[in-house]
Amino acid sequence: MNQINAWRNGVVTAYAGSGLVFATWVSRIPAVRDDLGLTPGQVGLMLLCMSLGSFISVAASGLIVLRLGSKLTTRLGSVIQALGVVIMGLGATVFSDSLVVGIGLVLVGLGTGCWNTSSNIEGAAVERALGRHIMPRLHGAFSIGTVVGAGVGALAAAVHLPVAIHLGVIAVAVCIAVMIGAGHYQADKVGSAGVMVDVTEASAVPGTGPIPVVTGQTTQNHGSAKNGSARSTVATVAAEKASKAAGKAKIAAAWRDPRTLLLGALVLGLGLAEGAAGDWVALAMVDGHSSTAALGAVGYGIFVSAMTIGRFAGTVVLDKYGRVIVLRVGAALAVIGLGLFVFAPSVELAMAALIFWGLGSALGFPVAMSAASDDPEHAAARVSVVSTVGYGAFLGGPPLLGLLAEHVGVLNSLLAVLVMLVIAFFLTPVVRRPAYLDANDHAHSG
């Protein structure tokens with residue numbers, strides 16, 4: 001159990017670190033906008049740079065995790081992200097160059113995409129190892145990171161701390177913490193034959209199920225078992241090729257699976273609601289509700305605080321009421337909160353609306369990740385697909401909102417998110433656990 005607890009804590013570190021870096025960046029968007037003299041449409045194009053990197057990274061994340069394993073993927077992602085954040089800060093403060101900021105954002109996207117997918121796979125594996133809902137709390141750790149990041153960001157904005165110093169210190173600290181935490185990951189533990197240890201075995205190290213992972217170490221061990229014979233080398237190469245082919249086939253099958261695609265559509269709306277808040281709440285408070293930049297960061301802090309509460313409370317309510325009912329209520333709250341925020345006649349009411357928006361958006365992503373990983377054999381591929389769609393909405397939708405805001409204003413552009421939330425509300429039944437898995441579990445227990 002101590003090993004599992006250390007594993008869980010390592011995953012928590014990755015989630016919290018990702019949230020801290022994300023909130024650190026978005027809390028300073030007004031300052032970056034002012035330093036570079038950008039319009040809302042130009043801010044949207046700048047954000048699109050990160051989305052571009054994320055799309056490439058998340059789309060390839062399934063194959064990358066299958067090839068490198070979650071531990072190495074997370075570590076590499078954290079280093080790439082830290083480098084991108086430092087470059088981005090220098091571009092805003094030192095060079096005052098949008099191109100440099102854009103290059104940094106592309107690197108941030110490349111690092112973040114694979115890192116978050118590998119964290120979701122590890123989180124789902126820990127959840128199965130513990131035998132209870134913890135994904136909402138893991139995503140709650142992300143939200144705690146965003147709360148801390150928003151608070152520090154508000155303080156940094158109030159004292160006019162240079163963006164480069166603020167972002168650089170946070171990025172390096174998070175990178176070091178994640179490098180250490182990932183050392184406890186267990187989902188890509190391999191046996192002597194180079195295959196994943198199955199969590200269903202009583203004596204097994206917890207894992208995500210029979211997901212083949214071939215690494216350099218695996219190849220070395222496998223070859224030495226036969227005293228370096230040529231036959232063993234040929235067999236190892238053949239096994240590696242078969243593993244790659246099997247991984248590609250699983251991902252292709254996941255993209256054709258109706259339930260997986262519907263889960264993607266669900267998280268499209270709820271992920272967009274979360275992402276839009278991250279990128280535009282601070283600016284919407286400043287431009288739409290005439291608040292200060294520091295108060296805009298506080299508004300974002302209210303949103304992520306509400307989301308954090310919702311995610312930690314989500315574990316209890318999910319166990320009591322089930323996925324479908326809880327997610328349906330959440331989608332309804334998000335619709336109410338977003339509508340109130342857009343049409344609020346005062347700053348005070350807009351901030352109160354952020355509470356409902358945050359609570360309602362809290363469980364969409366974690367519940368969808370759990371639902372996508374219901375079948376351990378296909379968990380990595382299906383989580384990859386849902387992550388691709390979800391992070392696409394989370395990171396790709398907000399930049400497009402910037403282009404829309406150029407014509408209708410920041411607040412009115414958020415009405416497009418409202419439409420997607422209504423669609424998500426009607427898709428909530430898709431998170432129900434498939435009946436065939438319950439039947440299989442019953443047959444095995446019998």
Side-chain angles (χ1 to χ4, degrees), residues 15-16 18-23 25-27 29 47 50-51 54 58 109 112-113 116-117 119-120 135-147 149-150 263-284 299-312 314 326-327 329-339 341-342 353-370 386-401 413-414 416-425 427-428 431:
Y15 274 90
S18 181
L20 177 56
V21 173
F22 178 77
W25 150 239
V26 300
S27 68
I29 287 179
L47 295 174
M50 184 167 66
S51 301
S54 297
V58 174
T112 301
N116 285 339
T117 296
S119 295
N120 282 321
M135 282 295 278
R137 290 186 177 178
L138 292 177
H139 283 261
F142 174 90
S143 296
I144 287 178
T146 60
V147 171
L263 284 170
L266 170 71
V267 85
L268 178 67
L270 291 168
L272 180 57
E274 181 180 349
D279 287 342
W280 291 107
V281 159
L283 277 178
Y300 175 64
I302 291 174
F303 173 86
V304 293
S305 295
M307 179 170 282
T308 302
I309 293 170
R311 283 179 170 166
F312 279 95
V326 171
L327 208 56
V329 171
L333 284 176
V335 169
I336 294 170
L338 179 52
F341 179 79
V342 171
L354 288 170
I355 298 174
F356 293 98
W357 185 358
L359 286 173
S361 304
L363 297 179
F365 219 93
V367 170
M369 291 300 106
S370 291
V386 177
S387 292
T388 299
V389 178
Y391 286 118
F394 184 83
L395 296 168
L400 298 179
L401 290 177
S413 70
L414 294 175
V417 182
L418 199 63
V419 174
M420 299 305 300
L421 278 174
V422 172
I423 295 174
F425 173 84
L427 288 175
T428 50
V431 300

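Numbering starts at 1 and runs along the sequence shown.
Here the OG1-CD1 distance, from T428 to I423, works out to 13.0 Å after rounding to the nearest 0.5 Å. One finds the CG atom of L138 at 12.5 Å from the CE atom of M369 (value rounded to the nearest 0.5 Å). In this structure, Y300 OH and S305 OG are separated by 10.0 Å, a value rounded to the nearest 0.5 Å.
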Subject >> Candidate pair I355 and L359, rule side-chain contact (heavy atoms from CB on, under 4.5 Å), full reasoning >> reply: CA-CA 6 Å; I355 298 174; L359 286 173; 4.0 Å; yes
Original post:
Between V431 and L266, does a side-chain contact (heavy atoms from CB on, under 4.5 Å) hold up when you go through it step by step?
Top reply: CA-CA 9 Å; V431 300; L266 170 71; 3.4 Å; yes
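Here the side chains of L354 and F341 are in contact, with some heavy-atom distance below 4.5 Å. A heavy-atom distance below 4.5 Å is found between the side chains of L421 and L270. Residues F365 and N120 are in side-chain contact: their nearest non-hydrogen atoms beyond the backbone lie under 4.5 Å apart. By the 4.5 Å heavy-atom criterion applied to side chains, L338 and V417 are counted as neighbours.
Remark: the backbone N or O of Y15 is not paired with any side-chain donor or acceptor of S18 at under 3.5 angstrom. Formation of a donor-acceptor pair under 3.5 Å by the W357 side chain with backbone atoms of A273 is found in this model.
Evaluated for a side-chain contact (heavy atoms from CB on, under 4.5 Å) with L47, the options V26, I29, L400, L401 yield exactly one hit, I29.
In this structure, L427 and A265 approach most closely via the heavy-atom pair CD1-CB, 3.7 Å. Taking all atoms of both residues into account, the shortest heavy-atom contact from A150 to V304 is CB-CG2, 4.4 Å. Taking each heavy atom of L414 and A276 in turn, the nearest pair found is CD2-CB, 4.2 Å. When every heavy atom of A424 is checked against every heavy atom of G269, the shortest pair comes out as CB-CA, 4.4 Å. Smallest separation of non-hydrogen atoms from R311 and A362: NE-O, 2.5 Å.
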